[in-house]
Novice: 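My structure is below; once you've seen it, I'll send some questions.
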Amino acid sequence: MHGLLIIDKPVGPTSHDVVARVRRVLGERRIGHTGTLDPLASGVMALVVGRATRLARFLSAADKGYQASIRLGIATDSGDSTGTPIGPPWTGPLPDRDTVDRALDEFRGTFLQQPPAFSAKKIAGKRSYTLARARRDRAGSGSGLALAGPFGLPARVAVTAHTISVVSVEDDCVRLTVECSPGFYVRTLAHDLGERLGLGAHLAALRRTRSGDATEALAMRLADVEDGARGRERAVARLVPIDAMLPSLPSIGLSEGGARKAASGRDLVSSDLAGVLPPMSGGGAKAAPDAWYRLVDPLGRLLALAQPADGSALLHPSVVLV
């Protein structure tokens, strides 16, 4: 059993919980996710199954889409509704839609974002959330000191918000749609929006609508997966075959001899190809060193992912799937 299973995660379980529950249903040990969703969040979780786990990093690097609800008027130490409130609630007037939209301009495009203290980022070899929980316990409820400490916060990361659209602003609730790069924290966006407006804010609800090519329309509810034998049958039927994964990468057909070489991880030359090499990145004669290609055998099966090779060879199968 090898491929991609797209789950519609409910609010409540962790990403690890979802993986463990699907493992039990499918009876397959090799299952992983391609992007964490907090327990507060729902929506698209792309799970790689069997040999497809070797492709997890390519799916993790895909852009994401979200629907977010942000509560204005109070910040929390975690950036969401599960955290401890920091300071007194805002009692002044609330901003209108135009004011919120202008404030969000600061976070559109590419910028350095501060990951939350309560995140899986590592600081001095330890998970940031572990350090933040310890600081919260020492500081006491409501102090807000969980955002500081001897190890500081995770390092800022360059992220991109392709679009941030205001859906509505009603009283203290702001609803947004966000299309962003991997590694973008919507919790941080909520916190930073509150700082920018000067009244505090936190993420009240979050739904992931897209992870790369995995969309809500392709997702299967976790409850349906766990619906006994019927659930397993449905999940197997919904499994995207490994041969159909990563359709956005250019495909290169191989001869029978080329397929044998690719399956053993050996470099390929022009005579190993069944067709011509797709256009190179940037239009030059040689592909960029970080370019990736799908290597497909004469029967259309995905054998490997390849990168440009050094020397006289054309391609090196860097990730072999057979």
Novice: Output every pair passing side-chain hydrogen bond (donor to acceptor under 3.5 Å, both in side chains) with a member in residues 228-249, not counting sequence neighbours, ordered by first then second residue.
Specialist: Asp227-Arg230, Asp227-Arg234

Novice: Does this structure show an ion pair linking Glu226 with Arg21, if we count only N-O contacts that are shorter than 4.0 Å?
Specialist: yes

Novice: Please say yes or no: joined through hydrophobic side-chain contacts below 4.5 Å, possibly via intermediate residues, are Val157 and Phe111 part of one cluster?
Specialist: yes

Novice: Looking at Ser15 and Leu37, would you say the former's side chain and the latter's main chain have a donor-acceptor pair under 3.5 Å?
Specialist: yes

Novice: Does Asp38 offer a backbone N or O that forms a donor-acceptor pair with the side chain of Lys9 under 3.5 Å?
Specialist: yes

Novice: Same hydrophobic cluster for Ile74 and Leu203, using side-chain heavy-atom links shorter than 4.5 Å among ILVMFWY?
Specialist: no

Novice: So, using side chain to side chain donor-acceptor pair (under 3.5 Å) as the criterion, who are the partners of His33 when residues are at least two apart?
Specialist: none

Novice: Are side-chain heavy atoms of Ile242 and Leu55 found at a separation under 4.5 Å?
Specialist: yes

Novice: Quick one: side chain to side chain donor-acceptor pair (under 3.5 Å) partners of Glu179, sequence neighbours excluded?
Specialist: Arg210

Novice: Yes or no on side-chain hydrogen bond (donor to acceptor under 3.5 Å, both in side chains) for Ser181 and Thr160, after CA distance, side-chain angles and deciding distance?
Specialist: CA-CA 5 Å; Ser181 65; Thr160 300; 4.6 Å; no

Novice: Name all pairs fulfilling the side-chain hydrogen bond (donor to acceptor under 3.5 Å, both in side chains) condition that reach into residues 43-57, sequence neighbours left out, sorted by first residue then second.
Specialist: His2-Arg51

Novice: Give every residue pair that meets the side-chain hydrogen bond (donor to acceptor under 3.5 Å, both in side chains) criterion with at least one member in residues 213-225, sequence neighbours excluded.
Specialist: Arg207-Glu216, Arg221-Asp224

Novice: Please answer whether the main-chain N or O of Thr82 pairs with a side-chain N or O of Asp80 as donor and acceptor at a distance below 3.5 Å.
Specialist: yes

Novice: Let me have the donor-acceptor pairs involving side chains of residues 296-304, under 3.5 Å, with sequence neighbours excluded, atom names and distances please.
Specialist:
unit_1, atom_1, unit_2, atom_2, d
Asp297, OD1, Leu299, N, 2.9
Asp297, OD1, Gly300, N, 3.0
Asp297, OD1, Arg301, N, 2.8
Asp297, OD2, Arg301, NE, 2.6
Asp297, OD2, Arg301, NH2, 2.9

Novice: Should Val11 and Met45 be regarded as members of a common hydrophobic cluster, given that ILVMFWY residues are connected when their side-chain heavy atoms come within less than 4.5 Å of each other, either directly or indirectly?
Specialist: no

